[in-house]
Colleague: 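Okay, here's the structure, questions in a sec.
All values below were derived from every heavy atom in this structure, side-chain atoms included, with hydrogens, water molecules and symmetry-related copies excluded. Labels below follow one simple rule: chain letters A, B, ... track the order of the sequence lines, proteins then strands, and each chain is numbered from 1. Given the structure is predicted, the values throughout are model-derived calculations rather than measurements.
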Amino acid sequence: MAGFFAEVYRLVALIPRGRVATYGQIAAYLGSPRAARTVGWAMRQAPEQLRLPCHRVVSATGQLAPDHAFGGAQVQRAMLESEGVAFGPEGCVDVDAHLWRIADDPRLRTRRGGNPAGGLGSAS
DNA sequence: CATTTGACTTTGA
DNA sequence: TTCAAAGCCAAAT
């Protein structure tokens, strides 16, 4: 089991409804901010049996996955809209408005109430 | 073991 | 501002 993939799958599975996450964001949370492409790969290989809300994962620009991903980007958009996600005029998700804050998820918080906000050592 | 791919991101012109 | 190219990481072949 690809460790990295497992992390991606688990994280994607935690994406709240009505919220969207970007590949780079997920990759960054896993410790590799440059591995956005790898995250996308995990999605492609993502077993459907896991029922991952991959439709909630979009590019940083809010662009949805290619047509061959869900059987049609239109379908993905419909699912997101059904969850309450707002879309732009170009059919892109309003990422800035619905971006899921990974570090903000209670399940990801360390039990010691440590550092939800700042998060992983990111020192600019 | 080396090469290729990929559902991305960022920077340059 | 919009369009184009390079870079990076991890897994699959």
Side-chain angles (χ1 to χ4, degrees):
Chain A
M1 179 160 170
F4 209 88
F5 276 43
E7 289 294 301
V8 175
Y9 297 148
R10 186 181 300 191
L11 198 61
V12 172
L14 295 176
I15 300 176
R17 173 179 167 285
R19 208 56 53 93
V20 295
T22 68
Y23 301 98
Q25 185 183 9
I26 295 168
Y29 188 85
L30 296 181
S32 298
R34 304 292 187 258
R37 308 195 92 223
T38 312
V39 174
W41 249 44
M43 298 280 94
R44 187 185 189 266
Q45 292 291 303
E48 296 177 9
Q49 59 188 17
L50 295 178
R51 298 186 183 176
L52 297 178
C54 31
H55 60 272
R56 293 177 189 157
V57 182
V58 300
S59 62
T61 59
Q63 184 68 78
L64 300 178
D67 305 347
H68 56 75
F70 297 90
Q74 301 301 326
V75 178
Q76 183 179 5
R77 181 176 68 177
M79 286 190 292
L80 290 169
E81 285 184 312
S82 181
E83 293 184 353
V85 177
F87 274 72
E90 299 178 1
C92 296
V93 180
D94 195 342
V95 180
D96 287 322
H98 292 282
L99 181 62
W100 171 48
R101 298 183 186 181
I102 299 178
D104 193 24
D105 193 289
R107 292 168 289 196
L108 294 173
R109 287 189 182 172
T110 40
R111 301 166 199 154
R112 287 182 226 154
N115 67 345
L120 313 167
S122 36
S124 179

Colleague: Dot-bracket for DNA chain B, 5' to 3', counting Watson-Crick or G-U wobble pairs under 3.5 Å, with [ ] for crossing pairs and | for inter-strand pairs?
Modeller: .|||||.||||||

Colleague: When the distance from CZ of F5(A) to C1' of dC9(C) is rounded to whole Å, what number comes out?
Modeller: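 Whole-Å distance recorded here is 10 Å.
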
Colleague: Find out whether V85(A) and V20(A) are in side-chain contact, i.e. whether some heavy atom of one side chain is under 4.5 Å from a heavy atom of the other.
Modeller: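 The answer is yes; the side chains approach within 4.5 Å.
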
Colleague: How long is the line joining CD of E7(A) and P of dC9(C), in whole Å?
Modeller: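 It is 18 Å, rounded to the nearest whole Å.
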
Colleague: With sequence neighbours excluded, give me every side chain to side chain donor-acceptor pair (under 3.5 Å) pair touching residues 88-101 of chain A.
Modeller: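 Side chain to side chain donor-acceptor pair (under 3.5 Å) check on residues 88-101 of chain A returns no pairs.
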
Colleague: Write out a two-atom table: protein N or O, nucleotide N or O from nucleotides 7-13 of chain B, distance below 3.5 Å.
Modeller:
residue, atom, partner, partner atom, Å
dA7(B), N7, R44(A), N, 3.2
dA7(B), N6, M43(A), O, 3.0
dA7(B), N3, Y23(A), OH, 3.1
dC8(B), N3, R37(A), NE, 2.9
dC8(B), N4, R37(A), NE, 3.2
dC8(B), N4, R37(A), NH2, 3.0
dT9(B), OP1, A60(A), N, 3.0
dT9(B), OP2, A60(A), N, 2.9

Colleague: Linking I/L/V/M/F/W/Y whenever their side-chain heavy atoms sit closer than 4.5 Å, directly or via other members, would Y23(A) and L52(A) fall into one cluster?
Modeller: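 Per the 4.5 Å side-chain linkage, Y23(A) and L52(A) are co-clustered.
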
Colleague: How close do P53(A) and A13(A) get, heavy atom to heavy atom, and via which atoms?
Modeller: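 What the structure gives for the nearest pair is CD-CA, 3.8 Å.
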
Colleague: Look at atom CZ of R51(A) and say whether more than 12 heavy atoms of other residues, nucleotides or ligands are closer to it than 6.0 Å.
Modeller: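 No.
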
Colleague: With side chains defined as the heavy atoms from C-beta onward, is the minimum distance between H55(A) and F70(A) less than 4.5 Å?
Modeller: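 A side-chain contact exists here, since the closest heavy-atom pair is under 4.5 Å.
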
Colleague: Out of the candidates V39(A), V8(A), L108(A), only one should pair with Y29(A) under the side-chain contact (heavy atoms from CB on, under 4.5 Å) rule; please name it.
Modeller: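 With Y29(A) as partner, side-chain contact (heavy atoms from CB on, under 4.5 Å) holds for just one option, L108(A).
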
Colleague: To the nearest Å, give me how far apart CD1 (I26(A)) and P (dA10(C)) are.
Modeller: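 Those two atoms, CD1 and P, are 15 Å apart.
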
Colleague: Is the shortest side-chain heavy-atom distance between L80(A) and R56(A) below 4.5 Å?
Modeller: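 Counting from C-beta outward, L80(A) and R56(A) do come under 4.5 Å.
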
